[in-house]
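Computed from a predicted model, the values in this text were never measured in an experiment. Residue numbering restarts at 1 for every chain, and letters A, B, ... go by the order of the sequence lines.
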Amino acid sequence: MSELSREMSKTFDFAEAEPRIYAEWEKRGQFKPEVASADAEPFVIAIPPPNVTGELHLGHVMFVSLEDMMIRYERMRGKAALWIPGVDHAGIATQLQVEKMLRNEGTDRESVGREEFLFRTWQWKDKYGGEIENQLRRMGASVDWDRKRFTLDESLSKAVREAFITLWEQGLIYRGPRLINWSPGLQTAVSDVEVERSEEEAMLYFFKYPVEGGEFIPVATTRPETILADTAVAVHPEDERYKHLIGKTAYVPMTQRPIPVIGDEYVDRAFGTGALKITPGHDFNDYEIAQRHNLAVINLMDKKAALNENGGPYAGLDRYDAREKLWADMGTAGLTIKTEKFIHIVPRSQRGGEIVEPLISVQWFVKMEPLAAKAIAAVRDGRIKIVPERFEKVYFNWLENIRDWCISRQLWWGHRIPAFHCDNGHITVQRDSPVKCATCGSRNIWQDEDVLDTWFSSGLWPFSTLGWPEQTADLARFYPTAVLETGTDILFFWVARMIMMGLWFTDKIPFHTVYLHGLIRDERGNKMSKSKGNVINPLGYMNKYGTDALRFTLITGGTPGNDQNISDAKVEYSRNFGNKLWQIAGGVVLRNLGDLATTITPNPSTLDIPAQWLLSRLAGLIANVERLFETYQYGEAGRQIQDFVWTEFADWYVEIAKNALYGDDDAYKTRTREVLLYTLDTCLRLLHPFMPFVTEEIWSYLPGERAQLIVSRWPTSDPTWINPDAEAKMDTIRDLVVKVRNVRAEYSVDPAKRITAVAVGTGATLIAEHAAVFGRLCNVESINVAAIAPDQSAVLVSGDVTLYLPLAGMVDFAAERERLSKELGDVTAQIEKIEKTLGNESFVSRAKPEVVARERTRLVELTGARDSIAARLSTLPT
RNA sequence: GCCCGAUUAGCUCAGUUGGUUAGAGCGCACGGUUCACAUCCGUGAGGUCAAUGGUUCGAGUCCAUUAUCGGGCACCA
């Protein structure tokens, strides 16, 4: 026990350590890009801002785990790593929370008024908005808190105004009555992407449309109340049943309003009755048909989806009540035919879940084609890469068919549209708040009531957070950002819009890579949802197993873009891995450091085979991890590091090293200590981005003056350490150790009983030289090199060595014969396969030379093994 | 309808540009508390890599078709 070291506790007390370590990082300013050299290349991620209303869920932990890993990795590589934190005002979600609060107080937003409502919302934000921030800390997010942003901050609001005004001046924003998706519950317009469609059983109503001359056209609809807003009946122009009626007049049931019968090829003759009622005020397809035929548009509903004055006798009724009453009246009038159930697609609000009604309303829109064209080009020509690549197709598909974006919301919480109306109906949009109308000079002006879609401000996030439109130092240094990491579910909502707006306003790509992670599902693969009641609170896992365990589970549990299931068992396993690391460090390496005062880079050429093997494997691991990080395969990187630490380092090398540590060869002891400490040191660096807390804590116990791990350098791979010869030798040793253990287990040899062995063959010397390894790992007392096999032995063959275990009195010859016969069969089968391969002229001439050489080597080895086993079999007593 | 993903051990999942006998964890069976760890160690059983066809000297991996499950987009009243 060195005086330099403190004793590590038995286990890692994450509950105590996590907040302490996080506070220490933050206090020392380690999260700031300024910890890197002034000329360091920047690496920037803008956080996907959680909703200010946000309750922590596994999606948050997922993005924190991945982004924090990227940031920590690049920080350790010496880059100026900047992770910008922030929170989104989340217009609808927040407003709903505050409205709920007001309801509980017995009032509502209309009663308190806009100003008071906003005041109360800010109060609410100040009270609850900090919670998500605490949880980011809890998760270990190494964000630069000094650069924290909120989408309603003055500087970001300025960015929003600048963007809006620029688009307006460029003629890309327009206002007017259009058919939009209306959410009656929220009483606001929503955009196309906010409408989700679900297949549901509905009723299809068949009825008669009276036409002049006494005929009628049968028509089907799912929404009978919209009959009252019909402005045409459409049939296919070549439909023999109806084409003679084209041009005649039909009469709207119950109101007798005359409308034309039109012919349009959109009508599917085979579906329903083959005739279609046209309701341009409440159906997107009908709206398009109406434009082709210059039909009138009737708006039937008010903002609560009740029928307005155009509903005639049904005015004032809710849409569903109106439906019922109208259908009953039509039945009385003899106009109904039948109803039948059928499955159709129902549009529902992504937020509220209620059925969305298409209706005509005056809204603000952005013309998307020019913006989309740039966004398509940026991905098409590779300036922006999407990982996994398959999402590029989804991205293109959406952008190539993009429709104009309805950006106005009839809410109060958000960025108010910077447009001013005057009493003459003019609109003024300008950078300085106007005092009079820019068109007519009227001073009677007022600001537009609507606010912008939350995603409008989110679209500016990568540059608005850095100060745009001001040309700040941060903007110059840190924009464009590097990677945008988020869930696949907001590719359209957020990612595509950031790319469009970034290119449009800054003329630069906002980031060069989009990395998309999948959904976290429950243990059985079900999507988590409040209604199903299977939502897992990540804090439960974090309390039970620690933050590192949860992070490691999420990162290594899947592959990019694919969903993954989470379960207690998985997180527990990660916790166990952290414990293993802790044990290696505290239980072995640090406890046996002697006077080793700091990490020393070993020289493999001076070391024994196990150490050369370990360092060779370590060098290979580092190279692999680097390649995997470059290709965004973080999960695979984590799994490989874990495998190295647990299997090769802990289970093999550490056990072997005890021979030196507990022996009395001081020079050997010193070399081994150096290898152990070096390897531990390197593993901690490699694991830090995955498990920041436990690695930092162990690091603090390592000897020598050192900076915190978070700002230590990422390891590099020394290719001269790669040693195939040592690896091959060690493979033979390991193979034989496993076989000895196997034989001992099969013969139920008392684990405590020390046995001897005899090695025969060209590799026998290697085995004899490593007798101590066998001694420690499989309780072998001594290994003699001999030319002849001893009797009454179990025989083990590996490569060019045959090992005999004289187990006099313990060997069951029948069992031994069976075991050897099986092995002989396996080996013979392999030999036959290789002989066949090598006998194939095409293989020898066309396969890569190293592949052919490898097969030849294997053949020689296997043939030797076969001969040994066969010889042994022939001498076994029967 | 169009696009995409998945299909590998009982379960959950890995699997570099095609190249040794396809791996891990959990679970299971058996054995182990001697000085890091039972949050552990050792040994083992368990897979015709969804199916068919193709390309290739060689396919879990590439291509085509099919099946089942899942997702996205667009949809017909």
Kindly point out which of [options] is positioned nearest to the side chain of [X]?
X: F492(A); options: C57(B), G72(B), A14(B); value: G72(B)
X: V267(A); options: A36(B), A77(B), C57(B); value: A77(B)
X: K833(A); options: U21(B), C57(B), A36(B); value: U21(B)
X: K848(A); options: G19(B), C41(B), A77(B); value: G19(B)
X: A847(A); options: G15(B), C57(B), A77(B); value: C57(B)
X: N579(A); options: U56(B), U39(B), A36(B); value: U39(B)
X: R858(A); options: A36(B), U20(B), G15(B); value: U20(B)
X: R390(A); options: G5(B), G15(B), A74(B); value: G5(B)

[N] base to [X] side chain: any donor-acceptor pair below 3.5 Å?
X: K580(A); N: C37(B); result: yes
X: R854(A); N: U20(B); result: no
X: R575(A); N: U39(B); result: yes
X: E655(A); N: A36(B); result: yes

Okay, side chain of [X], backbone of [Y]: is any donor-acceptor separation there less than 3.5 Å?
X: E861(A); Y: R858(A); answer: no
X: H517(A); Y: G561(A); answer: no
X: H293(A); Y: I262(A); answer: no
X: K580(A); Y: V645(A); answer: no
X: N779(A); Y: A752(A); answer: yes

Could you check how far [atom1] of [X] sits from [atom2] of [N], rounded to whole Å?
X: N526(A); N: U12(B); atom1: CG; atom2: P; result: 12 Å
X: I834(A); N: G58(B); atom1: CD1; atom2: P; result: 17 Å
X: F577(A); N: U39(B); atom1: CZ; atom2: P; result: 18 Å
X: E850(A); N: U17(B); atom1: CD; atom2: C1'; result: 13 Å
X: E572(A); N: A38(B); atom1: CD; atom2: C1'; result: 12 Å
X: Q640(A); N: G23(B); atom1: CD; atom2: C1'; result: 12 Å
X: L516(A); N: G72(B); atom1: CG; atom2: C1'; result: 13 Å
X: I584(A); N: U39(B); atom1: CD1; atom2: C1'; result: 13 Å

How far does the [atom1] atom of [N] sit from the matching atom of [M], given to the nearest Å?
N: A9(B); M: A14(B); atom1: C1'; value: 13 Å
N: U65(B); M: U43(B); atom1: P; value: 46 Å
N: G70(B); M: C13(B); atom1: P; value: 15 Å
N: G46(B); M: G10(B); atom1: P; value: 11 Å
N: U39(B); M: C26(B); atom1: P; value: 13 Å
N: U48(B); M: U8(B); atom1: C1'; value: 12 Å
N: U7(B); M: G19(B); atom1: C1'; value: 25 Å
N: U17(B); M: C2(B); atom1: C1'; value: 32 Å

Base, sugar-phosphate or nothing for [X]? Non-hydrogen atoms, less than 4.0 Å.
X: A752(A); answer: nothing
X: S748(A); answer: nothing
X: R524(A); answer: nothing
X: D563(A); answer: nothing
X: D268(A); answer: base
X: Y573(A); answer: sugar-phosphate
X: V738(A); answer: sugar-phosphate
X: K658(A); answer: base
X: K10(A); answer: sugar-phosphate
X: R741(A); answer: sugar-phosphate
X: Y662(A); answer: sugar-phosphate
X: A569(A); answer: nothing

Problem - Presence of salt bridge, D735(A) and K739(A), under 4.0 angstrom - result: yes

Practice task
May I ask you to say whether R269(A) pairs ionically with D239(A), meaning some side-chain N is under 4.0 Å from a carboxylate O?
Solution key: no

Partner of [N] by Watson-Crick or G-U wobble geometry, both contacts under 3.5 Å, or none?
N: C2(B); answer: G72(B)
N: A64(B); answer: U52(B)
N: G42(B); answer: C30(B)
N: C37(B); answer: none
N: C57(B); answer: G19(B)

Exercise for the section: State which residue, out of Y515(A), F391(A), Y634(A), fulfils the side chain to side chain contact (heavy atoms under 4.5 Å, CB included) condition with P560(A). Expected result: Y515(A)

Fill in the blank from the handout: Assign each of L862(A) and N565(A) the nucleotide of RNA chain B bearing its closest heavy atom; nearer the 5' end lies the nucleotide of N565(A)

Practice task
Map D651(A) and Q642(A) onto RNA chain B by nearest heavy atom, then report which one ends up closer to the 5' terminus.
Solution key: Q642(A)

Presence of [X] side-chain N/O under 4.0 Å of [N] phosphate oxygens OP1/OP2:
X: N397(A); N: C2(B); answer: no
X: K393(A); N: C4(B); answer: yes
X: R776(A); N: C41(B); answer: no
X: W646(A); N: C41(B); answer: yes

Problem - Spacing of CH2 belonging to W646(A) relative to CG belonging to N576(A), to within rounding of 0.5 Å - result: 5.5 Å

Exercise for the section: Output the distance between atom CD1 (I698(A)) and atom CG (L684(A)), rounded to the nearest 0.5 Å. Expected result: 5.5 Å

